[in-house]
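Only one structure is covered here, and it is reproduced in the block below.
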Amino acid sequence: MPQKTKNTPMMEQYFNVKKQYQDAFLFYRLGDFYEMFYDDAIKGSQILELTLTQRNKNAQDPIPMCGVPHHAAQNYIDILVDKGYKVAICEQMEDPKLAKGMVKREVIQLVTPGTIIDEKAGEAKENNYLTALHQKGNDYGFAYVDLSTGELKSTVLSSLAATENEILSLHTKEIVLDKSASDETLKMLKKLKILISHQEEVKQQAESSYAVQDLTRSSEISAVEHLLMYLTVTQKRALVHLQKAVHYEASHFLKLDHYAKRNLDLLSNTRTGKKSGTLLWLLDSTRTAMGGRLLKQWIERPLVNKQKIEARQEKVLSLLNHYFERSSLQEALTKVYDLERLAGRVAFGSINGRDLIQLKTSLENVPQIRYVLEQLNEGQFDDILEQLDPVEEVADLIERAIVEEPSISVTEGNLIKKGYDAKLDEYKDAMKNGKKWLAQLEATEREQTGIHNLKIGYNRVFGYYIEITKANLTRLPQDRYQRKQTLTNAERFITPELKEKEDLILDAKNKATELEYQLFVEIREQVKDQIKRLQKLAHGLAQLDVIQSFAVVSEDAHLVCPELDNEKHTLKIEAGWHPVVEKVVGRQSYVPNDILMLPDTEVLLITGPNMSGKSTYMRQLALTVIMAQMGCFVPAKKAQLPIFDQIFTRIGAADDLISGESTFMVEMKEANEALKNASANSLLLFDELGRGTATYDGMALAQAIIEYIHNNVHAKTLFSTHYHELTVLDKSLGHLKNIHVGAVEKNGELVFLHKIEDGPADKSYGIHVAKLAGMPDNLIERASIILDKLEDTPVSNKAADEKIKPVIDTTETPNMLEEEQLSLFGGSQIANKQVMPTKKQNKIINEIEDVNLMSMTPMEVMNIVYKWQEELHKK
Ligand code: ADP
Ligand code: MG
C-alpha cells in the first residue's frame with residue numbers, strides 16, 4: 001500500500017482496518033459518508049459511477065478517494081455484492097462530537113454474495129445459499145445455509161462430480177473453504193466462477209455445537225463448523241435463527257443431475273433463462289414466498305419413498321375434493337407474510353415495527369387455517385397440523401404493544417401502543433397534555449390565591465415558573481412557592497410539583513422516543529425467544545401452500561393421481577400429455593399419447609419425422625415422473641409408474657456455453673454419466689444421440705450405446721433417432737420396441753399427427769420438412785431425385801451412381817463419397833472399398849451397357865466376355 005508521506009492518524013486507522021479486509025471494498029464511515037480510498041476508490045468509482053476525488057490534494061502524493069452518502073449506501077453495496085464483490089462496512093463506534101482524539105471505528109459487517117439478506121423485489125421466492133466444503137480423502141463434506149431463513153443442510157458427497165452437481169443445483173454464489181480443498185476442486189470452482197472465501201480457523205462456539213448435534217461424519221461436521229464460523233466472522237452477531245443442520249442423503253431423492261434439470265426446463269427455460277415455460281411456472285400457484293421456495297426445492301428433489309409420496313398425494317386429493325375449504329385456506333395463506341425471513345430478521349436485529357405487524361397479521365391467520373384443516377383431516381394432515389402452532393404469545397404481545405401503522409424507523413417513536421407501558425403513557429401524556437396541564441395549574445392557582453394575573457411562563461435558564469407581580473405579592477400565602485428569580489416588577493416562583501412536571505414536559509418527547517426504542521428491543525428479544533416455533537410454523541405453512549398449489553394445478557389441468565408400483569416395474573401412461581407444451585399450445589391442439597413399457601420392455605426406439613413430437617414425448621415422460629415423485633398429480637388420463645431412482649437425459653443440442661464445451665463433447669459427457677451411473681431403476685432419455693458428429697460414427701455410437709444399455713444397464717430408456725437404420729435392432733435386442741410418430745402425406749405436403757404408433761417410421765421425411773421450411777423448389781426437387789436414387793441403390797453402390805454424385809464441387813468435401821461407401825451393418829471398410837469400380841472396370845461396365853446382345857451370335861458373346869476377363873485380370 002502506498003505510504004510515502006507520513007500518514008495522518010486517521011489514515012493509520014484506515015490501514016489497520018483495511019489490512020484485515022484485503023479482499024473486500026472497505027466502506028469507511030466519515031461523518032455522513034462512507035469513503036473508499038486507494039484501489040478501492042479507483043475500482044469502486046468505476047463500478048459505481050462515482051466521481052473519483054483526492055484526499056490531501058496538495059500533498060506530494062494525494063490519496064484517491066470516492067464516497068457515497070450513508071443513507072444511500074445500501075444501493076451501492078447491493079451493486080457491488082451483486083457483481084460478486086464483498087463490502088466491509090466500517091462504522092464510527094462513538095459520537096464524533098463526544099470522542100476524545102480519534103473516533104473509534106470498527107467493521108460491523110462484511111456483506112458478501114452468499115450472505116445478503118435484504119431481498120430485492122421479485123426475489124422473495126428465491127433462496128440465496130452460501131455453501132462450504134471440507135474434503136477428507138474421498139469424502140466431500142458439504143453444507144449450505146440460507147442466512148435469511150436460517151435453513152441449514154449438510155451431507156457427505158462421494159465425488160467431485162457430485163459436488164459440482166450439488167453446487168450448480170444450489171446456484172450458490174459463494175463457497176467457504178478451509179485448507180482441505182484439493183487443486184482439482186479449486187480448478188472446478190474457478191471454472192464455475194464461484195467466489196471462494198477462506199475460513200481456516202474455527203473457534204468453539206455455542207451455535208455450531210448446537211448445529212452439528214445430529215451429525216456424525218467428521219467431514220460434514222467440519223463443513224458446517226467452517227460455514228458457521230464464517231458467518232460469525234462476517235456478520236459479527238449472534239444468529240439464533242440458524243437451524244440445526246439437517247443431514248440429507250442424495251439417495252433419498254430422485255437424482256436429477258444438473259444436465260437433466262437444465263434440459264428439462266424445470267426451473268428456468270433453457271432458451272430464455274426465464275421462469276415462463278418451465279415446470280415451476282406450471283406448478284406455482286403458491287400464495288406465500290415460503291411456499292414458493294419450498295416448491296422449488298421439491299421440484300429439484302422429488303422423493304423415492306413410496307409412503308412419503310403417497311402421503312403428499314393424499315393431501316392433494318383431499319384439497320382437490322374440497323373446493324370451499326381450499327379457497328378458504330388460500331385466502332388465509334395469502335395474508336401470511338414471509339415468516340421464515342421475518343424470523344431471520346428478528347434474529348438479525350434488523351426487524352422494524354412494520355415487520356412485527358406483518359408477523360402478527362400472519363399469526364392471526366393460523367387459527368383459521370388450523371380450523372379448516374382440522375375439518376378435513378382424516379389423518380392425512382396430522383403432520384402439518386402438528387407444525388401449525390399459532391404462537392399466540394407473540395401475536396398477543398405484538399397486538400398489545402405495537403401500533404397498527406408504526407414508523408419505518410425504530411428510533412423515531414410511533415411504535416408502541418397506549419396502555420402497554422405506564423411510564424411511556426406518562427411521557428406521551430406529558431407531551432400531549434403538557435400545555436393543558438399548565439393551563440389547569442394556572443387556573444387552580446389563580447383561584448386558590450385569588451391573584452387574577454398570576455401566570456405560568458417559561459424561560460430557558462430557569463424552566464417553568466409562576467410569575468406574580470410585585471403589587472400582588474402581599475396576597476401570596478407564606479411558603480406557598482419557592483422563590484426562583486426577582487425581576488423589577490415581578491417575582492418568579494416554582495413548586496416541586498411544577499419542577500417535576502417540567503422535566504416530564506421538556507424531555508417527554510426525547511424520553512418517549514428513547515423508551516419506545518427500548519421497549520421495541522425488549523419485544524424483539526421476546527419474539528426472538530420464540531424463533532424456533534415460528535420457523536416450525538413457517539415450514540408447516542410452506543408445505544400446506546405447496547400442497548394447495550398442487551391441488552389447484554391438478555384441477556385446472558385435469559391431472560390424475562398416479563399409481564406407484566415398484567415391484568412390477570410397469571410403466572403405463574394412458575392418454576398423457578406434456579403439461580407445459582399443452583398449456584402453451586392449448587388443450588384442443590394437443591394430441592395425447594400413451595406410453596407403455598411393460599416389465600419386459602426396456603428400450604423404446606422412437607422414429608418419426610422432424611417436428612413430429614419425439615422430443616416432446618420423451619420430455620413428457622420425464623416431467624410426468626418428476627411430478628409423480630414430487631407427490632403431485634400427473635398429466636394423463638391414467639398413469640401407473642414405477643418409482644425411479646435417477647433420471648438421465650441427453651436432450652437438445654444446447655452448447656455448454658458456461659464451460660465452453662462443444663455440443664458433441666457435452667453430448668458424450670452426458671451419455672457417459674448416464675451409462676456409468678444408471679441402474680435398472682433409472683430412466684434414460686436419449687434424444688437424437690450422435691447427431692453432433694458425422695453420420696456413420698454417430699450412428700455407430702448410437703447403436704453401441706443402445707446395445708450397452710440393453711445388455712448391461714437395463715434402465716427404462718427412451719431413445720429417439722433420425723437414423724432409420726437403427727430400427728432393425730428390434731430383431732437382435734429382445735427388450736427393444738420400435739415406436740414412431742405418425743405423419744401422413746397429403747398432396748405432397750406433410751401433415752404431423754403427433755400420434756405415437758407401434759413399429760418403425762417408414763421414412764424420415766426430411767425433405768418434406770425442408771419444404772415446409774420454405775426451401776427453394778428446385779432444391780427440393782433435386783433432393784428428391786437424390787433420395788430416390790439412394791433408396792433404389794444398395795448401400796455399397798450408392799456412390800457409383802453418377803446421378804447422385806454431388807452437384808457441388810467435390811473438392812470441398814473430399815471424404816464424403818468415401819464415407820457414403822461405409823456400411824455400418826454390413827462388411828468392413830476394406831471390403832467395401834473393393835466394390836468401388838476402378839477406371840478400367842467402369843469402362844467395361846459401360847461396354848456391357850452398350851453391347852447389343854440381340855445382334856450377336858453366342859460365339860461373339862463368348863469372345864467379348866473373354867476379352868473383358870482378360871482385361872480385368874491384367875495388372
Ligand atoms: P421432434 O423432436 O420430433 O423434432 P418436437 O418434439 O420438438 O419434435 O415437437 C415439435 C413441435 O410439435 C413442438 O414444439 C410442439 O409444438 C408440437 N407437438 C409435439 N407433440 C405434440 C402433440 N402431442 N400434440 C400437439 N403438438 C405437439
Ligand atoms: Mg427433437
If you measure only the distance, is there a donor-acceptor pair under 3.5 Å linking the side chains of [X] and [Y]?
X: N711; Y: E707; result: no
X: S169; Y: K261; result: yes
X: N593; Y: H754; result: no
X: Q620; Y: W577; result: no
X: N269; Y: T278; result: no

Task: Nearest heavy atoms of A622 and L683, plus distance in Å - done: CA-CD2, 4.3 Å
Open item on the list: Looking at every non-hydrogen atom in both residues, tell me the closest pair between H740 and G759 and how far apart they are.
Closed with: ND1-O, 2.6 Å
I want to check something: taking the side chain as every heavy atom from C-beta on, are [X] and [Y] in contact at a cut-off of under 4.5 Å?
X: M699; Y: Q703; answer: no
X: L295; Y: L280; answer: yes
X: E582; Y: R587; answer: yes
X: F686; Y: L605; answer: no

Task: Option from N263, D257, D687 for which side-chain hydrogen bond (donor to acceptor under 3.5 Å, both in side chains) with T649 holds - done: N263
Open item on the list: Given the ring of W281, does K583 sit roughly above its face, with NZ or CZ under 6.0 Å from the centre of the six-membered ring and within 45° of the axis?
Closed with: yes
Open item on the list: When you measure from the centre of the six-membered ring of F253, is the NZ or CZ of R301 closer than 6.0 Å and no more than 45° off the axis?
Closed with: yes
Check: [Y] main-chain N/O paired with [X] side-chain donor or acceptor under 3.5 Å:
X: N165; Y: A161; value: no
X: H578; Y: Y617; value: no
X: H714; Y: H710; value: yes

Open item on the list: Let me confirm one number: the CZ-CG distance from R262 to L168, rounded to the nearest 0.5 Å.
Closed with: 9.0 Å
TODO: Any chance you could measure Q640, atom CD, to L596, atom CG, to the nearest 0.5 Å?
DONE: 9.5 Å
